[in-house]
Amino acid sequence: MRQFNKKFKKMTTRLLDLPEDVVFDLPRITMIGNMQCYIENHEGIIQFTSNKLLLKIPNGRIEVTGEDLVIRTILSEEMMLEGTIEGYRYLDS
Amino acid sequence: MINKIYKTITGYIEVEISGKLLDVLINECVRSNISIWNIKKIAPDKMRWHMTPSQYKNIRMLLKKTGSRSRIIKRSGLPFTLHKWMRRKFLMVGVALFVLGIYINSAMIWNVEVNGNENIHTDQILEAADELGLHRYQFKFRLDDVNEIAAQLMQMLPDTSWIGVEMKGTKLKIEVVESILKEQKELKNPRHFVAKHDAVITEIFAERGSPKVRPNMRVKQGDILISGVLGDEENNKIVVAEGKVRGLVWYEYDIAIPLEQKVKTYTGNSDSNKYVRFGDWTLKIWGFGGDEFKTYESDLEYSTLSWRNYSLPFGILNETVRESQSTSNKISLEEARERGLQEAKAELIQYAGTDAEIITQNILHQKQDNVKVYMKVFFEVEQDIVVEQTIIETTPEQGE
């Protein structure tokens with residue numbers, strides 16, 4: 001049933017040309033060079049240090065690594081991260 | 001950018017949080033709509049963030065829940081700055097007084113300057129200006145328009161043909177153009193004209209008064225030439241004698257002229273020294289070990305840094321030393337005599353007046369030794385021989 005649900009959603013997106021982050025409840029990450037990272041649709045911080053940010057998202061977690069990381073703004077669904085960002089990756093998705 | 005300005009106006013605080021569950025705390029804050037920003041981790045169990053001061057009390061519950069403690073590190077923004085300034089009341093009063101002082105001082109006349117007057121005394125103009133309120137420590141806004149002041153000032157000073165009043169910052173300039181007045185005759189006492197020297201009259205012209213001598217008459221020093229008393233002994237009137245009397249006067253001069261004339265010349269060798277000077281204290285810094293001159297002339301040139309009329313009390317002194325030598329020229333007898341006569345004539349003209357005319361000159365006697373020529377010279381000079389003598393009126397009764 002879950003498999004079918006996912007397939008159906010994928011099909012509708014393709015057919016109706018909807019943005020996938022809306023339909024699948026995925027995070028939208030915008031990066032400006034390696035200086036700023038804008039993350040939408042997160043579900044809270046799991047761990048934050050000056051060189052790592054672990055963020056909960058609907059289907060797992062995102063890990064952002066870098067140096068001198070500072071959370072510029074944080075709201076319930078979006079946040080902005082600043083610093084020297086080295087990379088990010090998805091965990092458990 | 002706008003956000004930043006807004007935050008500066010409303011004010012914000014920097015808070016340091018220490019505890020174990022910091023990440024949970026951030027989430028809790030976000031959930032309870034407490035806006036926090038610039039979150040920084042400075043140690044594994046310490047972080048700092050910025051927040052609005054009004055929400056500081058709202059995080060207490062959350063802190064208790066997560067077992068953390070908070071501390072305000074910095075208060076920034078306008079409300080805090082104002083608060084800080086308001087606490088320093090005397091400083092604020094000082095600032096206000098300073099601004100007020102500057103304003104008052106710049107609204108005042110500090111200097112009244114008078115230019116262009118020659119015959120009218122500056123004090124007289126200043127006094128007239130003072131009556132119109134133009135004086136030191138007067139406020140500019142209490143004065144009338146400058147053109148009106150100028151017109152009023154002109155009425156008060158009748159000897160002027162134009163007055164301009166100009167305000168330059170705190171300086172008031174009064175420009176005066178004087179009207180050209182007729183030359184006033186100098187006042188004279190009733191007087192006689194008497195002879196200055198023993199002389200022979202050559203020319204007499206009495207403008208006023210009665211002439212007492214004729215040309216070719218011999219007069220003695222002190223004789224009346226033009227009398228200031230008109231009429232006879234019974235009916236008389238005393239006037240100011242005016243006129244011109246010229247006569248021949250004899251002069252004798254003893255002249256001695258050295259035959260050897262010393263002339264000083266420069267050899268062309270020179271040397272320059274430099275000194276540093278502080279007040280009266282001088283220190284040589286340049287020009288050691290130059291040639292020593294036996295006879296020399298030295299020029300001093302002192303230069304300091306200066307601005308307008310003010311100069312620094314120290315500077316550099318330049319000394320230029322020029323070697324000199326004196327040579328002696330022998331001159332001939334003729335030349336010596338010529339030179340002596342020239343000197344005597346110059347002296348004579350200076351004594352007798354510029355309108356004096358040398359009629360004859362005679363060398364009466366001449367003597368010469370090894371170094372000098374001695375001469376006795378006679379001059380006959382036609383010159384003005386008048387000197388005035390005041391008439392002191394005496395009533396006949398008292399004269400008896």
Side-chain angles (χ1 to χ4, degrees), chain A residues 21 25-93, chain B residues 1-56 58-59 61-63 65-68 70 73-74 76-77:
Chain A
D21 61 327
D25 210 15
L26 292 170
R28 172 183 275 245
I29 300 174
T30 316
M31 288 200 52
I32 301 170
N34 62 345
M35 288 157 66
Q36 267 187 8
C37 178
Y38 194 74
I39 304 162
E40 283 167 85
N41 215 359
H42 71 85
E43 288 186 337
I45 292 167
I46 298 166
Q47 199 195 349
F48 171 59
T49 61
S50 64
N51 40 27
K52 193 173 121 183
L53 171 73
L54 205 57
L55 212 56
K56 195 175 180 305
I57 51 165
N59 287 323
R61 291 175 296 168
I62 297 178
E63 186 193 59
V64 183
T65 50
E67 273 169 47
D68 306 321
L69 297 180
V70 175
I71 299 173
R72 248 328 138 215
T73 13
I74 180 157
L75 297 168
S76 59
E77 287 200 326
E78 52 192 89
M79 68 172 295
M80 183 159 64
L81 192 68
E82 248 182 38
T84 318
I85 293 155
E86 278 160 11
Y88 69 95
R89 63 188 177 131
Y90 288 88
L91 305 166
D92 322 328
S93 54
Chain B
M1 188 63 203
I2 287 166
N3 198 16
K4 210 169 181 179
I5 292 167
Y6 174 76
K7 276 168 184 165
T8 314
I9 290 168
T10 53
Y12 59 91
I13 50 175
E14 190 173 351
V15 184
E16 189 178 279
I17 317 271
S18 51
K20 293 269 185 289
L21 302 164
L22 295 178
D23 307 315
V24 178
L25 182 65
I26 296 174
N27 289 333
E28 288 292 324
C29 284
V30 171
R31 198 162 302 145
S32 353
N33 269 332
I34 294 167
S35 61
I36 51 177
W37 65 92
N38 282 6
I39 306 160
K40 246 180 279 179
K41 202 81 170 251
I42 50 168
D45 57 347
K46 243 184 216 167
M47 68 178 173
R48 285 179 185 183
W49 69 43
H50 291 186
M51 67 189 301
T52 50
S54 58
Q55 286 181 324
Y56 183 60
N58 299 351
I59 65 164
M61 275 285 291
L62 307 175
L63 289 170
K65 218 195 267 181
T66 54
S68 359
S70 73
I73 296 175
K74 212 170 103 190
S76 339

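All of these numbers come straight from a predicted model, not from anything done at the bench. Order of the sequence lines fixes the chain letters, A, B, ..., with proteins taken first and strands second; residue numbering starts at 1 for each chain.
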Enquirer: Are there more than 12 heavy atoms of other residues, nucleotides or ligands under 6.0 Å from atom CE of Met31(A)?
Expert: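 Yes.
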
Enquirer: Can you pull out all donor-acceptor pairs below 3.5 Å that join chain A and chain B?
Expert:
| unit_1 | atom_1 | unit_2 | atom_2 | d |
| --- | --- | --- | --- | --- |
| Ile45(A) | N | Asn27(B) | OD1 | 2.6 |
| Ile45(A) | O | Asn27(B) | ND2 | 2.5 |
| Phe48(A) | N | Asp23(B) | OD1 | 3.0 |
| Phe48(A) | O | Lys41(B) | NZ | 2.4 |
| Ile71(A) | N | Ile39(B) | O | 2.9 |
| Ile71(A) | O | Asn38(B) | N | 2.9 |
| Ile71(A) | O | Ile39(B) | N | 2.7 |
| Arg72(A) | O | Asn38(B) | N | 3.1 |
| Arg72(A) | NH1 | Asn38(B) | OD1 | 2.3 |

Enquirer: Among all residues two or more places apart in sequence or in another chain, which pass the side-chain contact (heavy atoms from CB on, under 4.5 Å) test with Ile2(B)?
Expert: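 With sequence neighbours excluded, Ile2(B) shows a side-chain contact (heavy atoms from CB on, under 4.5 Å) to no residue whatsoever.
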
Enquirer: Which answer fits Leu81(A), side chain, backbone, both or neither, if we ask what part of it has an atom under 4.5 Å from a heavy atom of chain B?
Expert: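 No part of it gets close to chain B.
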
Enquirer: How would you list, by chain and number, every residue that makes a side-chain contact (heavy atoms from CB on, under 4.5 Å) with Met61(B), sequence neighbours excluded?
Expert: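 Result, side-chain contact (heavy atoms from CB on, under 4.5 Å) vs Met61(B): none returned.
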
Enquirer: State the CD1-CG distance between Ile39(B) and Leu53(A), to the nearest 0.5 angstrom.
Expert: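 Rounded to the nearest 0.5 Å, the CD1-CG separation comes out at 10.0 Å.
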
Enquirer: Identify which part of Leu75(A) has an atom lying under 4.5 Å from any heavy atom of chain B, answering side chain, backbone, both or neither.
Expert: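 It is the backbone, since no side chain atom gets that close.
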
Enquirer: Can you tell which part of Ile26(B) gets under 4.5 Å to a heavy atom of chain A, answering side chain, backbone, both or neither?
Expert: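 The answer is the side chain of Ile26(B).
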
